[in-house]
Amino acid sequence: MLDGLNWLLDPAHWSGSRGIPTRLLEHLAITGLTLLIAGVIALAAGLAIGHTRRGRGLVVGLSGALRAMPTLGLLVFIAVQFGFGVRLAIIPTLIVLVVLAIPPILAGAYAGVESVDPATVDASRALGLTEWQILWRVEFPLALPLIVGGLRSAMLQVVATATVAAYISLGGLGRFLFDALPLRDYPQMLAGAILVAALALILDLLFLLVGKAVLPAGVRATRGTRRSKTPTERTAA
Amino acid sequence: MSWLFENFSDVWALAVTHVALSVPPILLGLIISVPLGWFAHRYRWGRGTLLTIAGLLYTIPSLALIIAMPTILGTQILDPINLIAALTLYAVALLVRTAADAFDQVSPQVLDAATALGYGPWRRFWQVQFPLAAPIIIAGTRVVSSSTVSLVTLGALVGMSGLGYLFTDGTQRSFPFEIGVGIVGTVLIALIFDLIIVLIGKALLPWSRTRRVRAKTNAETLEVTTNA
Amino acid sequence: MIEFDGISKRFPDGTLAVDNFSLRLPSREITVFVGSSGSGKTTLLRMINRMVEPTSGRILIDDEDVAQLNPVTLRRRIGYVMQNSGLLPHRTVLQNIATVPLLNRVPRAEAVARARELMDTVGLDAAFANRYPAELSGGQQQRVGVARGLAVNPNILLMDEPFGAVDPIVRRELQEELLRLQQELAKTIVFVTHDIDEAFLLGDHVTILARGGQIAQHGTPDEILSNPASEFVADFIGADRGRRALTLRESNGRTLVVDGTGRIAGVLGAETATGPVSVGAGGRDEHLGEITLGTEAAEAPHEVAPAVNDAPTASGVPEVDTPR
């Protein structure tokens, strides 16, 4: 562990195109870009599924199937099969990372919308809110904590898998692992591992704070008090 | 295709290794998580501590964990123990929360009734509390099983055996078919594991099936009325 | 005026919730739909603002077919109050009340001022303005719900079991408050409940619904109580038992009114009412309004004389105290 820390503290490793800051920025850029693309796709789909209550089976099936899919295999398969090779490694990497990030964001969005009390939505509709207004003014703000939660677990997966993606010669913190592996340079590998873990922990904390910040004040007040039960009459009438 | 026939015994051997590397983390994870989950369910302070640690563990990228293992355990870099230990930690990180939730949702009235009937604490746990928490724990185990089988392939990146070897070897030889065999093989193992867990669950918990059906019916009734 | 014209509703699962229902609801009065679950009363109510679309038939509001109107525009003209208030949990009381006016682009200051007025109208302390729904009691939430329903100054107010989830004491307060409000505002109110006492207390007109939206009887509370149209209605309103089966009994020269459970409901023919007598429990009817049979509560005798066999039966029509 000490060797890894020593490697980290060596000023020589903090500059240049193979230095820690560069690799860190690369890693963040890949993660951010992935979350942006996956977020747009998955939020749109997830909110639609949550609002219409259609296509839930799709989400469950999709995330179940993807869980068993080895991302490393998918990554190298796309890279080799479609000849992106090592020069355009960003394309297979983004494809795999986006595919990986979609299910948790999708699930967060749809579960978030679904968690909104049906009576609240019903009342909003009866009040004369349009479906669009119901989605953005009622369901979305109330779903935000779970949406951020979905983004958070997607982020964790992406940070981890972006490390693996360095295997096909892309930048990012994973490079420290794969550059050091053939040289049996264990301190550098360890340093890479520490950096990736630290990045994940910091980003996780960040998302945690954002998640707390977006919890609507009125919902915070609900915590601890018992929620009113849905009337059974409504189901029958 | 002919590649597969020619190399079938090699692929089979890799698959067997893959299974051998996947099973211990799943089983160990389950054995460790259930008592920890019960503890987190039972004691408030235990819950906070355990679930925070589990959350932190889960945050650490798996590859980093695998690489850090030799330092922690004092093992060699290529020792499969590293992979098994790292994936076990992962499994625990995921399952502790699930197990705690599973024990939480067992109705206290049922436990009260069992106590009133004269169950001792030990028998009450094994004959009432655990069976009622089991469906959720089994669902969690299915998740852990799938992700473990998939994560074992990462071992190939640091030179370990298993179907992940087909990924690294296939990349070096620019041979997508070999990679494809590795993907299909991994998914197949995951599916077989999933099926086995489902079958064990059905055998052990014959009542949980009817319960799920009823829950689904309720959800559908609600759906009809909210759509109206 | 709201008019149901041959309305039927079959749900996707095949159940026929309403079968060929026709009725006119007069303006500026309270009509109560009462029935047990499965009578289609909520379905009928929700068809007025197109929350539920009828399978066949028309609904007219002032001779205008609602099916021709944009549902959103229609709903913004109609107040709606539901059982568990349906308030937006992430908005304050004031924001909740002002929701629809703000959607209708009423200037913010004006909408807020109107919301504050409405809080006063429904008897909510101004201090609650910036609280969140979760910080209010059930009764207070319902008041906010009523204020929100009135925010666009609608001619029509739909109330779907609005007091069903609050405790009996608060429910009674809210019922009285509604009657007071109605005296001031004179809205066309359609009120749904499964509680026959609430129906008789609030309704200018009461529609008793049997399964599938069949009208078992429609009329004023007086008409229904004095002349139940069928065995079903008599049984539903409990005219021949419990607290509604009143008999007269002579005791010490005064005429006592005794209900079916043997309790003294009041004294007949007394000059002044010093206070309404609350009638005690009788089966499920625990919250009937006050009975004004002119009781002098202080002098009401406690000892009951032996029952007089040939005592005339009061025809089961307590005059319900509806201050309007």
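Because the structure is a prediction, the values reported are computed rather than measured. Chain identifiers are assigned alphabetically (A, B, ...) following the order of the sequence lines, protein sequences preceding nucleic acid strands; residue numbering begins at 1 within each chain.
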Non-hydrogen atoms of chain B under 4.5 Å away: do they reach the side chain of [X], the backbone, both or neither?
X	answer
A:F77	both
A:L72	both
A:L201	both

Using modelled atom types and a 3.5 Å cut-off, is there a donor and acceptor pairing between side-chain atoms of [X] and backbone atoms of [Y]?
X	Y	answer
A:Q81	A:I78	no
B:S33	B:L30	no
A:S153	A:G150	yes
A:T31	A:H27	yes
B:H18	B:V149	yes

Verdict with supporting geometry, A:W7 and A:L190, side-chain contact (heavy atoms from CB on, under 4.5 Å): CA-CA 9 Å; A:W7 192 94; A:L190 196 59; over 6 Å; no

Can you tell which part of [X] gets under 4.5 Å to a heavy atom of chain A, answering side chain, backbone, both or neither?
X	value
B:F175	backbone
B:L157	both
B:V158	both
B:T168	both

4.5 Å side-chain heavy-atom contact, A:L28 and A:L203: yes

Candidate pair A:M189 and A:R184, rule side-chain contact (heavy atoms from CB on, under 4.5 Å), full reasoning: CA-CA 9 Å; A:M189 285 173 75; A:R184 301 270 155 205; over 6 Å; no

side-chain contact (heavy atoms from CB on, under 4.5 Å) assessment of B:F193 paired with B:V19: CA-CA 9 Å; B:F193 276 27; B:V19 170; 3.9 Å; yes

A:E114 and A:R56 ion-paired at < 4.0 Å: yes

Electrostatic pair B:D101:B:R47 at N-O distance under 4.0 angstrom: yes

Salt bridge (Lys or Arg N to Asp or Glu O under 4.0 Å) contacts in which one or both residues fall within residues 176-196 of chain B, not counting sequence neighbours: B:R142-B:D194, B:R173-B:E178

Any pair counted as salt bridge (Lys or Arg N to Asp or Glu O under 4.0 Å), so long as it reaches residues 149-168 of chain B, sequence neighbours left out: none

Chain A neighbours within residues 5-16 of chain B, where any heavy atom lies under 4.5 Å away: none

Close contacts, residues 81-96 of chain B versus chain A, judged by heavy atoms under 4.5 Å: none

When A:A197, A:A160, A:A200, A:P70 are compared by non-hydrogen pairs under 4.5 Å with chain B, the top option: A:P70

Short side-chain donor-acceptor distance under 3.5 Å, B:T71 and A:Y186: yes

Leading residue by heavy atom contact count with chain A [cutoff under 4.5 Å; candidates B:P70, B:S174, B:A156]: B:P70

